[in-house]
Structures are given as C-alpha cells and as structure tokens.
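The structure presented is a predicted model; accordingly, all values stated were derived computationally and were not measured. We count residues from 1, following the sequence as given.
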Amino acid sequence: MDMFKSLQKNVTSLGGQITPFASRTFQYTKEQLGQAEDKTQLPPDYIDLEKRVDALKAVHQKMLAVTSQYSHEPYDYPPNIKETFQDLGRTVSEKVNLLSTATSPAEAQAALTAPPTAKPQPKTFSHAIARASIASSQTLHQQHTGAGEDPLATALEKYALAMERVGEARLAQDAQIQSRFLAGWNTTLNTNISFATRARKSVEKARLTLDAVKARVKGTTWKLGGAGNPRQDLHDEHELSPEAQEEIEKAEDDFVTQTEEAVGVMKNVLDTPEPLRNLAELIAAQAEYHKKAYEILSELGPIIDGLQVEQEASRASAFSLH
C-alpha cells in the first residue's frame, strides 16, 4: 500500500520524464484494475470494422486449417497399406510397358519390381489403387492357364492405367489449389489482416497515450479506494495550463490520425475481392479434377462392360457344349 501511495504522490511530477511506453503501460494497468476514469471511447463504426476484420481472420484460419491439406500429397493415402520401395519405383504405365515385353514369369516379376527411373511414385489413394490393380492383374496373368487372357486380369490392368490418370489429375488439382487459393488466402491472413492488426494496435497505443496524458495533467494518475487526495486532484479543462492543454490536443490529434488510418486499412481488407476470387479458383480446380476423373472412368466403363459381356458369352458357350 505504501508503494502505491508513493506512486500516487510522485508520478504526476515525473510526467514529463516518463517514457511513452511506461506511460501507456501504467494507463493499461489502471484500466485493468478499474482505476481509470474517462476512458476514451472508440467510434461505433470503428468497433464494427474491428468485429468484421476479426470474423474475416477467423474464417481464413478455419478454412486454411482444412484446405492446407492440399499441400500434403498423401492426404488421402490409406494408412493401413504397406508399399515397398520397389512398389513405388515405376509408374503403372511404365510397368505395363515392361510387362508387355516380358516373355516369362521371371521377366514379368522383374518388370513389377524394376528399379526407379526417377523419384518415388506419388502416395495418393488413386495411385495406390492403380499399383494394387496392376500387381493383382499380374498375379492373375501368372496363374492363368486357359486360352486367351484372363478377363479380370485384363480389366484390372486397364483400371490401373485409368486410376493412375485420375491420380495425376488429383495432383494437378492440388498444384492449382496451392498456387491459386492457398497462396492468396495465406497472403490475406499473414499480410493484409496482419497489417490491419498492426494498425489497430497503433490506435490502442494512441488511445492509451491520450488517456495517460489526460490523467496526468488532471492529477488523476492513481486512486486507491478511500485513500484519495483530499483536494481530489481533479481540475476542469479551463484550469489546465496552456502547455497541458497543448499536450492533450497533440495526443488527441495523434489518436484521430491513427484511428482514421486504421479505418482505411480495415476497409481495404474487407473490401478486397481477392478472397472470393481465390475461392472461385479453388472451386474451379476441384470441378476440373472431378470432371477429368469422370471422363476417365466414363471411358473405362464401357470397356470393362465389354469384357464382362465377353466373359459371360464365353461362359454360356462353354456350358452349351456340355
């Protein structure tokens, strides 16, 4: 308590010597303890802008927390499968080409486990399906002893090639989303919104400085319960010295300037069309991927149907001969 009484007695005389940072800190502490009087209020329109910017920031953080997965290649890769280095060594297309020239089971197996020619193959769900399909196809081919080719093995090979194309389309989608959506939204969050946050901090600093100046020149630096100064240390503005009045006006001008600048910055952040434009790019990339996947599988469907019809016809013919 003696320490606070000492502060109450001495801070006013030290007003001209106290640093702006210490002055603001002292004012902030008073406000937190409920000892501040006549706290300068921010305009309602300014507070509304702050709320809207905070909402925009929350939206960016929430959306980026999910969509940032597009920067992580194996986001849909099954965690339960175990693929070897050899499995990831070659593309399905390369394996099919190597298998087409194999003349023995050993050569076929070597084609499936051929050393990589470049970086390991992508770990996406579609690529994993493609690799599983080509390996399954070859397993059936190796055990097939009848005439012609095993229809399921043939279908799995064609499915493998198609799913590899789907996987490549997914990677193309991800690349577009990274450059056209994630980059833009991260820029808005980490640059534009951060700039608005700094402008708002400048306003708060200016307000604390203004209220600290008012409190000091009016003698209301600190008040502890019933231990106030008997003279109340409260002076009307007309009792202030010209120097004190000038100091207050200077702080008020800075507060107004900082507020106007922050309003401009926040309006610019809220009015920019970039977030919506980036969202449109995200949707376009997703649509393009799904369209391409649909086209690939639509081309494959009739081929698989044809193999099925042929197999059923062959089976029916075989039964009719018995």
Side-chain angles (χ1 to χ4, degrees), residues 3-4 6-61 186-224 228-229 233-237 239-272 274-275:
M3 179 184 69
F4 287 127
S6 177
L7 282 171
Q8 180 181 359
K9 179 179 179 181
N10 297 326
V11 166
T12 299
S13 62
L14 293 173
Q17 303 174 25
I18 195 168
T19 66
F21 174 77
S23 178
R24 290 193 301 269
T25 302
F26 196 65
Q27 178 65 23
Y28 176 80
T29 303
K30 286 199 304 172
E31 292 178 0
Q32 295 302 303
L33 297 175
Q35 295 293 324
E37 299 179 4
D38 300 326
K39 179 180 176 180
T40 300
Q41 299 299 312
L42 292 163
D45 290 347
Y46 179 90
I47 295 175
D48 179 63
L49 287 173
E50 282 192 314
K51 291 178 180 179
R52 291 176 61 196
V53 169
D54 287 340
L56 185 63
K57 179 179 180 179
V59 166
H60 275 68
Q61 290 174 329
N186 274 303
T187 296
T188 298
L189 177 63
N190 299 323
T191 302
N192 299 4
I193 294 178
S194 292
F195 188 43
T197 299
R198 289 195 295 272
R200 289 165 61 182
K201 288 181 179 179
S202 296
V203 171
E204 181 64 7
K205 287 180 181 179
R207 186 200 60 79
L208 287 170
T209 298
L210 172 59
D211 290 345
V213 170
K214 287 181 178 179
R216 175 167 53 78
V217 300
K218 293 181 180 180
T220 58
T221 301
W222 195 277
K223 183 178 179 182
L224 291 171
N229 191 303
D233 286 335
L234 298 175
H235 307 290
D236 295 330
E237 288 193 11
E239 296 177 337
L240 298 177
S241 66
E243 293 79 7
Q245 186 63 38
E246 181 181 357
E247 188 175 2
I248 290 178
E249 290 176 354
K250 181 179 178 182
E252 287 177 339
D253 289 342
D254 182 56
F255 172 66
V256 171
T257 299
Q258 296 296 338
T259 301
E260 290 176 346
E261 290 181 359
V263 166
V265 172
M266 288 191 289
K267 283 184 176 180
N268 182 64
V269 170
L270 294 169
D271 293 341
T272 179
E274 284 304 311

inquiry  = So that I can tick it off, tell me whether R207 and E204 are bridged by a salt bridge, with the cut-off set at under 4.0 angstrom between side-chain N and carboxylate O.
reply    = yes
V269 backbone acceptor or donor facing N192 side chain under 3.5 Å
no
Correct closest heavy-atom pair for V265 and A196 would be CG1-CA, 3.5 Å
Got a donor-acceptor contact below 3.5 angstrom from the T272 side chain to the N268 backbone? no
Scanning both residues in full, the closest heavy-atom pair of L210 with I248 reads CD1-O, 3.8 Å
Heavy-atom nearest pair, Y46 first then A262, reads CE1-CB, 3.8 Å
The side-chain hydrogen bond (donor to acceptor under 3.5 Å, both in side chains) partners of E274 (sequence neighbours excluded) come to R277
Output for pair (L49 CG, T259 OG1), nearest 0.5 Å, gives 11.5 Å
One should read off an interatomic distance between E50 CD and T197 OG1, to the nearest 0.5 angstrom, of 9.5 Å
The reported gap from CD in Q258 to NZ in K205 (rounded to nearest 0.5 angstrom) is 9.5 Å
Less than 4.5 Å apart, side chain to side chain, heavy atoms only: is that true for K214 and D211? yes
- prompt: Hey, does R200 have a side-chain heavy atom less than 4.5 Å from the side chain of D54?
  reply: yes
Separation between CD1 (I193) and CG (L56), nearest 0.5 Å, reads 4.0 Å
Here the gap from T188 atom OG1 to F195 atom CZ, rounded to the nearest 0.5 Å, amounts to 14.0 Å
(message) Using a strict threshold of under 4.0 Å (side-chain N to carboxylate O), is an ion pair present between K250 and D254?
(response) no
